[in-house]
Amino acid sequence: RALAIQGKGEKFRQDMIAAYTALANHMPDNGLQVVMFTHQDAEVWSDMASIMWGAGLQVTAAWYIATETTSELKKGGYVQGTVLLVARKRLQDASAYRDELVEEVRQEVAHQIETMVGLNQRTKGKGRTENLFEDADLQMAGYAAALRVLTGYRRIDGQDMAAAALRPRPKGERDIVREIIDYAVQVANEHLVPEGIAAGVWERCSSAERFYLKMMELEAIGLKKLDNYQNFAKAFRVGDYTELMASKQPNNARLKNALDFKKSSFEGEFGRSALRAVLFALYELQKEMDSDEVMEHLRQQVPDYHTRREDLLAFCQYIAQKREQHLPEEASAARILYNRIKNERLG
């Protein structure tokens, strides 16, 4: 421990580059290093990329290991595992441009997330009650996938990344590496389809609808940190997410529900969406309006109503499930609306 590299900032980064360079110099060309790494900060992952470049190494494989089980005291937005990175000497002199990297990172992150979500589904199929990997874990796996792509290239946009890594970096500076790593976690978030929403329905949702549905899922498990809303609003590219918020308190944030929206907020992407129309119908049902009139309003608010019925039914089921515990009246209204849509006579 007396020899451990400590501190933070530029000196820490340069000391780490020196340490990994020494390791690389003492291993054969076909050797490898296994690095255990756990962090949710994109800036730290950007530092890890520069350390690999500066030491002449590249990440050739990465896998996420669940090392901590969930409990009633710890749910949701915490990292419960470690990424294992396999680093080898960079023997090739590969180059790439930003637009090529963005597409390669997108494919790599998507593959990583789909594999891990598949493991979640398989373990649940064998009796496990909670997910093996939570959202925070999948986001971090996205960082690792981006690192695997980035460090495979010595030059990006004509810039020698090994030389750039050795130069002092001003605090807070945003470079191409940080931008691509941020993009990686956006791709990861886009693949985090809420449990209970079919992939086809998710694909047809607008950015604002995806944000609302995802945050409903987090609220259902008791997460209330404003950071979560800010991060997912950025990931889903939602312009002004605050219009959908009933509370923006740092540790007690929450979405507006049907009664909070009332008869307002019909402008913008979310206001004109099918999900907003469903929420308005739930407001009217809770105000004991005649259900035939509610259905008529719903058809008027969703211009392509007949082709969107599947989505409307999915929204009703999802709201009923996610708000059963905290908003039983809204959950009940969602079940009523589901039955009215499902059993209506068409034609």
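Remember, predicted model here, so these are calculated numbers, not experimental data.
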#### Entry: Partner set under side chain to side chain donor-acceptor pair (under 3.5 Å) for D29, not counting sequence neighbours
K89

### Summary
Minimal heavy-atom distance between G152 and Q92, with the atoms involved, is O-NE2, 3.2 Å

### Query
Would a 4.5 Å heavy-atom cut-off, applied to side chains only, mark L255 and F211 as touching?
yes

### Salt-bridge present (E324, R335; N to O < 4.0 Å)
yes

### Query
Atom NZ in K214, atom CG in L192: separation rounded to 0.5 Å?
5.0 Å

### Query
Is there a side chain to side chain contact (heavy atoms under 4.5 Å, CB included) between K322 and L327 once you walk through the steps?
CA-CA 9 Å; K322 298 302 179 184; L327 290 170; over 6 Å; no

### Task
Assess R276 against F266: is NZ or CZ under 6.0 Å from the centre of the six-membered ring, and within 45 degrees of the ring's axis?
yes

### Query
Heavy atoms, side chains only, cut-off 4.5 Å: are C316 and I341 in contact?
yes

### Task
Could I get the full list of ring pair (Phe, Tyr, Trp, His ring centres under 6.0 Å) partners for F232, not counting sequence neighbours?
F236

#### Entry: Rounded distance [0.5 Å steps], OG1 in T21 versus CD in Q14
9.5 Å

#### Entry: Candidate pair Q300 and H297, rule side chain to side chain contact (heavy atoms under 4.5 Å, CB included), full reasoning
CA-CA 5 Å; Q300 292 172 357; H297 292 165; 4.1 Å; yes

### Query
Do other residues, nucleotides or ligands put more than 12 heavy atoms under 6.0 Å from the CD atom of E179?
yes

### Message
Take a 6.0 Å sphere around CD of E288 and say whether it holds more than 12 heavy atoms from other residues, nucleotides or ligands.
### Response
no

### Task
For residues F270 and F261, establish whether the separation of their ring centroids is below 6.0 Å.
yes

### Query
If you count the non-hydrogen atoms of other residues, nucleotides and ligands that lie under 6.0 Å from CD in E267, is the total more than 12?
no

### Message
Side-chain heavy atoms nearer than 4.5 Å, only ILVMFWY residues, links allowed to pass through others: does that put L57 and V44 together?
### Response
yes

### Task
Please determine if K287 and E284 form a salt bridge, counting it only when a charged side-chain N lies under 4.0 Å from a carboxylate O.
no

### Task
Apply side chain to side chain contact (heavy atoms under 4.5 Å, CB included) to the pair Y20 and V35, showing each step before the final yes or no.
CA-CA 10 Å; Y20 277 98; V35 183; 3.5 Å; yes

### Query
Quick one: are M36 and L84 in side-chain contact, heavy atoms under 4.5 Å?
yes

### Task
Report, as yes or no, whether the 6.0 Å neighbourhood of atom NZ on K225 holds more than 12 heavy atoms from other residues, nucleotides or ligands.
no

### Task
Could you go through the side-chain hydrogen bond (donor to acceptor under 3.5 Å, both in side chains) check for E103 and Q107 one step at a time?
CA-CA 6 Å; E103 178 58 23; Q107 293 179 5; 2.8 Å; yes

### Query
Does Y212 use its side chain to pair, donor to acceptor, with the backbone of K256 at less than 3.5 Å?
yes

### Task
Answer yes or no: does atom NE2 of H111 have more than 12 heavy-atom neighbours from other residues, nucleotides or ligands under 6.0 Å?
no

### Query
Going by atom types only, do Y153 and E100 share a side-chain donor-acceptor pair under 3.5 Å?
no

### Query
Given side chains that start at C-beta, do those of D93 and R155 come closer than 4.5 Å, heavy atoms only?
yes

### Query
When you check the side-chain N and O atoms of Y229 and E219, is any donor under 3.5 Å from an acceptor?
yes

### Message
Test of understanding: clusters of I, L, V, M, F, W, Y form through side-chain heavy atoms closer than 4.5 Å, transitively. Do L23 and I51 belong to the same one?
### Response
yes

### Query
What about L150 and Y97, same hydrophobic cluster or not, with Ile/Leu/Val/Met/Phe/Trp/Tyr joined at side-chain heavy-atom distances under 4.5 Å?
no

### Message
Quick one, V109 and V149 - any side-chain contact, counting heavy atoms below 4.5 Å?
### Response
no

### Rounded distance (nearest 0.5 Å) linking atom CG of L298 with atom CZ of R340
10.5 Å

### Message
Can you confirm whether R299 is buried at CZ, in the sense that more than 12 heavy atoms of other residues, nucleotides or ligands lie under 6.0 Å from that atom?
### Response
yes

### Hphob cluster co-occupancy, F280 + I319, side-chain heavy atoms under 4.5 angstrom
no

### Task
Carefully, step by step, assess S265 and E243 under the rule side chain to side chain contact (heavy atoms under 4.5 Å, CB included).
CA-CA 8 Å; S265 303; E243 294 180 353; over 6 Å; no

## Note on the structure
Rounding to 0.5 Å, atoms CG (N257) and NZ (K262) come to a distance of 10.5 Å

### Task
Report the residue from Q321, R323, R254 that forms a side-chain contact (heavy atoms from CB on, under 4.5 Å) with M216.
R323

